[in-house]
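See structure below.
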Amino acid sequence: MPELPEAEAARARLESGALHRTIAGFALGEVTHMDLPDEASRERLMGTQFTRTRRHGKYIFIGSVDGPWLHIHLGMSGSLRVMDAGDELPDYIRLTVEFEGDRRLHFRDPRKFGRIEVIDDVDDFIAAKGLGPDALEIGDNAFADAIGRTRGAVKSALLSQKKLAGIGNLWSDEALYRTGIDPDARGSDLTQERIGTLHRATREILQSVVDTGATYSKLPDDWLIHRRDDGAACTRCDGTITKKKVGGRTSYHCPDHQTGT
DNA sequence: TTTACTGTTAGGAC
DNA sequence: TGTCCTAACAGTAA
């Protein structure tokens with residue numbers, strides 16, 4: 001379920017379980033239609049150790065000061081598992097990094113929308129992708145520009161990784177729900193005050209989810225995440241949660257307290 | 001059996 | 001030129 005908080009949880013898992021161990025091999029699962037490192041890329045990593053991790057938006061990186069990096073994107077259904085040899089393997093493991101000793105790093109991805117590749121420089125990669133600032137780091141002015149200068153739907157702007165990186169369908173809905181903004185509202189129609197409120201809500205929501213390790217059941221009961229159902233009761237007014245498409249994405253909102261301007 | 005889905009991106013419309 | 005929108009990707013689950 002990967003947006004920024006899930007990527008951050010995965011990064012933390014790498015940080016605690018996959019550093020300072022010599023890479024001894026790789027095992028490939030069923031890999032048709034997937035972007036995974038080819039033989040030559042895997043060969044570059046053999047015998048090296050990862051010593052640090054990074055994350056930018058939904059993009060995860062693990063590498064070292066001067067060596068190549070592994071870039072991991074979880075796609076729609078990817079996850080990382082740090083396990084030991086002999087542990088019972090879940091289904092849909094697409095790539096395993098085998099460290100000396102028993103430690104194993106597994107990339108699981110049923111739907112195969114994720115990707116892993118070997119890259120030389122993280123900052124170059126981020127620039128080449130055209131990613132905006134990380135959603136937890138972006139400053140007030142940059143956020144106001146990213147949202148307030150778009151003619152399209154505010155939700156689409158939140159979702160644009162080029163404007164700011166890390167927000168996906170679930171947490172964009174959550175932030176708009178909390179701030180009472182209709183996902184279809186034009187970004188350029190919002191007052192500066194509302195955009196400021198949206199920025200704070202976005203940051204607080206993402207940070208809260210990060211703090212739970214992206215465990216949804218630990219999030220407060222009144223969050224939209226627990227009632228993404230057409231017809232559910234709104235927790236902020238007497239309204240009813242309603243489903244609609246915004247920018248091609250399924251969106252849940254309360255038409256009573258979420259307004260256009 | 002049909003429909004929808006938490007992300008990205010190419011291609012086309014405006 | 002830029003911005004925005006849609007469809008497609010693959011597999012599973014409801």
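First the proteins, then the strands, lettered A, B, ... as listed; each starts at 1.
When rounded to the nearest whole Å, the span between CD1 of A:I147 and P of C:dT3 equals 14 Å. What separates CG of A:D35 from C1' of B:dG7 is a distance of 13 Å, to the nearest Å. With rounding to whole Å, A:K163 atom NZ is found 15 Å from B:dT8 atom P. Between A:I126 atom CD1 and B:dT8 atom P there is a gap of 14 Å when expressed in whole angstrom units. Put simply, CZ on A:R249 is 9 Å from P on B:dT8, counting in whole angstrom units. The CZ atom of A:R149 sits 9 Å away from the P atom of C:dT3 (whole-angstrom rounding). Between A:M76 atom CE and C:dA8 atom P there is a gap of 15 Å when expressed in whole angstrom units. One can place CG of A:D230 at 17 Å from P of B:dT3, the figure rounded to the nearest angstrom.
Under the 4.5 Å side-chain heavy-atom criterion for grouping Ile, Leu, Val, Met, Phe, Trp and Tyr, A:F50 is connected to A:L80 within one hydrophobic cluster.
For the pair A:D84 and A:R104, the salt-bridge criterion is not met [side-chain N within less than 4.0 Å of a carboxylate O].
Nearest to the side chain of A:H73, among B:dC5, B:dT9, B:dT8, sits B:dT8.
Residue A:T150 places at least one side-chain N or O closer than 4.0 Å to OP1 or OP2 of C:dC4. At the phosphate of B:dT8, neither OP1 nor OP2 sits under 4.0 Å from any side-chain N or O atom of A:K112. Side-chain nitrogen and oxygen atoms of A:H33 include none within less than 4.0 Å of the OP1 or OP2 phosphate oxygen of C:dC9. Residue A:K129 has no polar side-chain atom (N or O) positioned under 4.0 Å from OP1 or OP2 of B:dT8. Within the structure, a side-chain polar atom (N or O) of A:K58 is placed less than 4.0 Å from OP1 or OP2 of B:dT8. At the phosphate of B:dA4, neither OP1 nor OP2 sits under 4.0 Å from any side-chain N or O atom of A:T250. Between A:Q161 and B:dT8 there is a side-chain polar atom (N or O) within less than 4.0 angstrom of OP1 or OP2. Put simply, A:Y92 has a side-chain N or O that comes within less than 4.0 Å of OP1 or OP2 on C:dT12.
Remark: of the listed residues A:F113, A:F61, A:Y59, A:Y59 is the sole one forming a ring-ring contact (aromatic ring centres under 6.0 Å, His included) with A:H73. A side-chain contact (heavy atoms from CB on, under 4.5 Å) with A:I60 is found for exactly one of A:L74, A:T53, A:I116, namely A:L74.
A stacking contact links A:F113 to C:dC9: the aromatic ring centre lies within less than 5.5 Å of the base's six-membered ring centre, and the planes differ by less than 30°.
Of the nucleotides present, none pairs with C:dA10 by Watson-Crick or G-U wobble criteria with both distances under 3.5 Å.
Within the nucleic acid shown, A:R151 comes within 4.0 Å of sugar-phosphate atoms alone, with no base atom in reach, counting heavy atoms only. Using a 4.0 Å heavy-atom criterion, one finds that A:K162 contacts no nucleic acid atom at all.
Nearer the 5' end of DNA chain B, as judged by each residue's closest nucleotide, is the contact made by A:R111, out of A:R111 and A:R115.
For A:E30, the CD atom counts as densely surrounded, since its 6.0 Å shell holds more than 12 non-hydrogen atoms of other residues, nucleotides or ligands.
Among all heavy-atom pairs drawn from A:Y177 and A:C234, the shortest one is OH-SG, 3.6 Å.
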